[in-house]
Each structure stands twice: as structure tokens, then as C-alpha cells.
Amino acid sequence: MYFYDKQTDLKAYLKKILLNNDNVGFVPTMGALHEGHLSLMKESLQNNKITVVSIFVNPTQFNNPEDLKKYPRTLESDLEKIKSLNPEIIVYAPNAEDIYEGNTVSKSFNYDGLEFQMEGKHRPGHFDGVGTIVKKLFEIINPTNAYFGEKDFQQLAIIKKLVKKNKIPVHIIGCQIHRESNGLAMSSRNERLSADERNKAEIIYKTLKTAKKLFSTKTATEVTKWVTETFEKQKIFTLEYFEIADENTLITCKRKSKNKNYRAFIAVFVNNIRLIDNISLK
Ligand code: PAF
């Protein structure tokens, strides 16, 4: 594994090793790596001459200081995982100073309205922070392909928009959600759950699967009502939102249309830990 914590060193190294037509695959992460991240790296390794993984807990995308403070930071074990997956992977794990160069603030982005839905409503400023850091990382690494998990489906849509609007020459590749054996979507935040909470969190994916079944015969409003009532009966889980939305615009479904693809999105709190998930309703 090749480790860099300074962007100038990383850029110099990439310049030295890359020939003109070499594909560079990039997997941006905030660390606390799990199987989901590793599967993105595997995908990148298969399709690119070199793979770069970044590990950086980006402060500007956290709207909640407590969430930032408690976000798991496990650099050493992350590096071990990367090394055992493939020793050729290049890691960029900067501190805020190196990547923000003394100005740790977000730029403001227009994502044609995608930013006003779901996560955007509940996490003000979040997608400006994501856009700021991802654009910086793309400028440093210049990847051919960049890999993002579908657990953050709205983030994936926003990154595609960012790239299109700013004409950044990178292919954005979305990869399917990895789940624990009880169906819970893999997430770095799962590390903060107790064993009991982790078991019980199976309710989230179970609810999504039932919602999918119900949506074949019921309206979006009826399904949403059922999900809300299901969570009202739960002791340790609080539903922040459940929405059925158009996969392309992320606008809430009011009346089903045959030529649209819908997806159900959910955000749930357990003991102040925020978990999100989604499912295609096709
Ligand atoms: O999905 C994440 O882990 C983060 O939002 C990302 C894309 C690494 C940007 O900080």
C-alpha cells in the first residue's frame, strides 16, 4: 500500500507512475471501512490500472457537531483492510489543513433542486460540504472512474449532477448496497450501535421490503402512512422521514406514473445515531 497525507506528494507520485491512457479508479471514503467500501475498491481494481482510496472525515458536510465528533475514526485498521485487499492501492489520508489549505468552508452549489429533497431538508449545508470535498478530491486525483455506494443514493445523484454541471471528466459509478446478514445497510455509523440496536435495526430494511410490496397495489401516501405507523410503535427507533420519490428528480411521488422509476428512502434515529437506507420500487 502506498500512503500519502500530502496532496503535493500524491500528485507528484501519480504524475510519475501514470502513462497517458492509464485508467485511474477512485474510491472516496470517510474511513471506518466496511465490506461496502471494500466492494467499491474491488470494482475499481477490476477496471482501472491503479486505484486511489481517500480517507477523510470531512468536517464541512456535518451539520451536527455531535455526529462529527462521534464519527468513527479507525485509520490503522482501515489501512490494514486496504493492505490485505490489495497492496497496490494508493491511499490519500490528509488532514483538514492539507486539503482545505487553511479555508475549511463549503462552496455553494446548485444541483438543480436535488439538494432540496430528503437529506437536503434535514441536513442543511450537507450537500455543499460533499460537493466541496468531492470536487477538491477530483481535482487532486483526476480519476477516470469514481465509485460511490447507493446507500447514499441522493449523494450519488448529486455527484453525477456536480460532474455534469462542472464538466469534470470522470465517470461516476454507483454500486449496490451491501447489507449485514439481518439486512441492515452497511454504514460506518453502524459501529456506534450496541449489539442489541444493531440486531433490532433489521426493522429498517424489513420495512422497506414491505413498503415495496405494498406499493404495487397502494398509493405512495398510503404506504408512507403505513411506514409512519410502523415506526410509531417502535421504542428505540424514531423515523425522521420516509419518502417515495422519482429516482431521477428525487421529487416526492404524489400520483404514480407508469413511465417513472420510484425509490423509497428512509432515515431513522436510534439513540441519536442516524441511519439511512433506500430500495428501488421497480
Ligand atoms: O460518502 C461518503 O463517505 C462521503 O460523503 C464522501 C463521498 C467520502 C465525501 O466526504
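Atoms within a ligand are numbered from 1 in the order they appear, just like the ligands themselves. Quick caveat, the model's predicted, so the values are computed rather than measured.
The side-chain tip of R189 does not point at the ring of Y71 from less than 6.0 angstrom away and within 45° of straight on.
Under a 4.5 Å side-chain heavy-atom cut-off, the cluster of Ile, Leu, Val, Met, Phe, Trp and Tyr residues that includes M1 is completed by F3, V27, L33, L38, L40, M41, L45, V53, I55, L75, L79, I82, L85, I89, V91, Y147, I173.
Dense packing is recorded around CG of N63, with more than 12 heavy atoms of other residues, nucleotides or ligands lying under 6.0 Å away. In K256, the NZ atom is crowded: over 12 heavy atoms of neighbouring residues, nucleotides or ligands sit closer than 6.0 Å.
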Ligand-protein N/O pairs under 3.5 Å (ligand 1):
from	atom 1	to	atom 2	distance (Å)
ligand 1	1 (O)	Q155	NE2	2.8
ligand 1	5 (O)	Q61	NE2	2.9
ligand 1	5 (O)	Q155	OE1	2.7
ligand 1	10 (O)	Q61	OE1	2.6

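Side-chain contact check for E150 and N278: no donor-acceptor pair (N or O, by modelled atom type) lies under 3.5 Å.
Inter-residue side-chain proximity for K151 and F153 is flagged as unmet; no heavy-atom pair is nearer than 4.5 Å.
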